[in-house]
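I have placed the structure first, in the form of structure tokens, so that the comments after it can refer back to it.
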Amino acid sequence: MQFSSKKPRAVTDLKAELYSQPLQFYAQPPLENISLSEFESFAVDRLKLLKTVENLGVSYVKLNDDYLKKLDNEIRTLNFPQVGVSLDAKDQTEKRRKDHISHFILRLAYCQTEDLRRWFIQQEVDLFKYRFKKLDSGEKLEFLHKNNLQYNTISAEEKDNLREKLTISSYAASGVKLEEQDFYKVPFQDALDLVRTRKVYLKEGYAYIPHNEIVTIVLNDFRTRLSKALALTARSLPAVHSDERLQPLLNHLSHSYLGQDYSVQKNVGKISLEQIDSLAGKSFPLCMRQLHQALRDQHHLRHGGRMQYGLFLKGIGLSLEQALQFWRMEFIRGKVDADKFDKAYAYSIRHMFGKEGKRADYTPYSCMKVILSNPPSQGDYHGCPFRHSDPELLKQKLQSYKVSPSGVSQILELVKGMHYQLACQKYFELTHNVEDTSFSLSHPNQYFTESQKVLGGGKDVKRETDTLQRPQESSAARGLTAAREPAVDESQHLAEITKNLETDFQDA
Amino acid sequence: MPSSDYDPACLPDLLPLYYRRLFPFAQYYRWLNYGGVQKNYFQNREFSFTLKDDIYVRYQSFSSQSELEKEMQKMNPYKIDIGAVYSHRPNQHNTVKSGSFQALEKELVFDIDMTDYDDVRSCCSAADICSKCWTLMTIAIRILDRSLRQDFGFHHLLWVYSGRRGVHCWVCDEAARKLSAAARSAVAEYLSLIKVKQFHFSFNINSLTVVERYFPQYALQDQNILGRKESEEKVLALVPEDILSIFKLQEIFQEERNPERRWRHIEAQAKKKQTTAKKWQYFEKEIMLQYCYPRLDVNVSKGVNHLLKSPFSVHPKTGRISVPIDLKDVEKFDPFAVPTISLICEELDRPKADEDEAKSEDAKEKENEQDSAEKRKIRDYKRTSLAKYVKYFDQFLAGMADSWKGKLRRQSGEFNTGDIFTNFMLDLFLCFLIFFL
């Protein structure tokens, strides 16, 4: 094994040169030694960032104030470089290095299928757009030149000469004073959409493009490059997969859950069995409410349903004794008699709590797991209703749960766009009469906890948005980052992540 | 100038003569070889021939000028089309692994066909043309030529008479030849006006000036669009409803019979409307554009591999040679004065009127190192009406030659590292990841 010792001077100089820019096209892969833990933590952080980008992109108008503020926050929290904020040089380089390396690691994880590639490209383009817009005009020009996009701004003199033509030609220019807008001279082949629709002034093969349009062109360039690069990466993947340390890591990056695992029971005994029915209507996510309903109706649940619901109940604080009582009472009402229950089903419930067999304390399923693994078939009630139910049936169910028609259509829109967790979040908002959830939903137990908070807190969330600002942000931080309990240190944190990955692997 | 009576039945006899003694192979090769700057550019070019009895053969290619000559003299094609420069020799395309045989480059081309204007010309229809409607071609050439040069920065444009009812434009700049299909279609769309309502005042101001210049003579007089009931109604259909009713144009037209004065009424109403209505309401300009603006077939320009009729090929139905059009004389260009194959074959035997000019040029040729057969051939076309068109073609090629010379000089010092580098970097990245726990 090679120790990461002093790096040769040439590489350090190269690094300084590479990281002197606030933004890059990721044209060159990083060339250095890196520890496995750094590899993993960088990748996980970037993944969290991209997921935030995705969520914010669906919840807000892109690049409006809320969006910008929240994304700024996330970037700072995850220790990524911020554009436009002058920092200590060494700190800056470190962050940019992290940005650079993490991008390339995620390329390896997300190049394999068309869907993964599309998702990755979309989020990276959005992130790039956010960063590019933050550059000032000098930095923008520098970026364009350093990346061989020979787009130059035109001089004030030239702008003056072409004044009339430029004002008429761009819709963007009207309303904004010509002096304030930068105009770029771009070869027409790079601005085809604008040429086709005659939305730009052309002269001798060059298109004169106002500043806002340049962003579109640069973004398209970035998108094309990334797309080609991913195709190239996919071809080199066999070489990477031959390293056994990397393969499981990369495979699970696209599937992993990165939040609290609810394995440590906090509220044991606080929930009584009589409460469950009312809690099911108020604080359970739709998947669990569905399972509970089915259990009550049929006095039975199949294995998949028992696992998903049983572990959830454990997560909300049911003790083993309570759980046994709960299931027994219900099953006896059905076709199962007491003896059969004790022989067949009780064992598996104890197993869930880690009291049998290899005594593994199973963790409640995250949304990712519920959505991606073990799809339900006829007679099953587990899975994610937003993912697995027929949209018509889902609509009926929501209506029967008294969700407003506009709410139902909003939810169905999100489902159509495959944003299942966001649909569930919307369901939360509608059933709790809340304007904006402060958390990013990724676990059914998280839904329950947040719901209890809203219902038990007594604050009117809709009106007192100001006072709620800070508590919102802190719970957002809690929701979005991995367990940041003060007691946890670096290695334990990593161990948890690996454990989560392993558990997913095992339970699947 | 009389064009000898052309009879399509004589083609089998005329074509061998044409290809043996008149077709300007040297210039043709000089053009398509583009100075030899790119290897195998000529050899990988696709030609297609239409032979007697409508036999059509594609993927013809030739390794040299002499091979081209020999084959054409052997096959005597009725029609010749030029296609793209491919990745391999087109005549060997069947031996290439499927998927690897690709069209790489081709000139950017435009095809203006008179039949696309049938709804706005009254003098002729379908394949017929006359001097009255030929103005449409003149307008098209002026507008497109200006736009391609000034807006897109192209320099080497060859306008060619198609032989019957239209014109073609070959944009031969290197940048044009390398354009992708998407870029070609973008340029074509930029130059088209699909719906007249798309007219945006600013960009087409230059085009509009051209149209305005020709409109009175062409539309009001030659086409008499406001002089006859049916066409007058068509024009009024383009006037907005409110103008028609408020200003009672139809009634005015009952009184006023003179087309020019009628037009002035329309113009006056338009000006009145402009002062009151919202921006970009220039319906009188829209009318002019509807009648005169170039109509091109985007599909011809879009494809890199599209085949288009070759300059200097014969049009089998009219017998006319597809000659290049001298832009300096575009106003005076008369499609009916273009020589037919029968005329020039006839002129081979009886020399032309200005023989002195031909003789002095012969003397100049003798000074060069060329074999007598070549000399004879050059002398041959010079005795015919084809001479001035070949001369113009020579000037066009001379204009391009300067750019080739510069390229050849620069090429000797370059080499391409681009793609190798990217792959190398990727491998390096993968190799250099060494971990320790």
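Each chain gets a letter, A, B and so on, in the order the sequences are listed, and its residues count up from 1.
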Can you tell me which portion of Ser147(B) sits under 4.5 Å from chain A's heavy atoms? Options are side chain, backbone, both or neither. neither

Of the backbone (N, CA, C, O) and the side chain (C-beta and beyond), which part of Leu148(B) lies under 4.5 Å from a heavy atom of chain A, both, or neither? neither

Go through the structure and list residues passing side chain to side chain donor-acceptor pair (under 3.5 Å) with Glu107(B), not counting sequence neighbours. Tyr34(B), Arg45(B)

Take atom NZ in Lys228(A); do more than 12 heavy atoms of anything else shown fall under 6.0 Å from it? no

With rounding to the nearest 0.5 angstrom, report the NZ to CD distance, Lys203(A) to Gln150(B). 9.5 Å

On a heavy-atom basis, the closest approach of Leu192(A) and Ala186(B) is CD2-CB, 3.6 Å

Which residues share a side chain to side chain donor-acceptor pair (under 3.5 Å) with Arg177(B), sequence neighbours left out: Tyr41(B)

At their closest point, which heavy atom of Arg196(A) faces which heavy atom of Ala182(B), and how far apart are they? NH2-O, 3.8 Å

For the residue pair Phe188(A) and Asp151(B), establish whether any side-chain heavy-atom pair is separated by less than 4.5 Å. no

Would you say the side chain of Ser180(B) lies within less than 4.5 Å of the side chain of Gln189(A), judging by non-hydrogen atoms? no

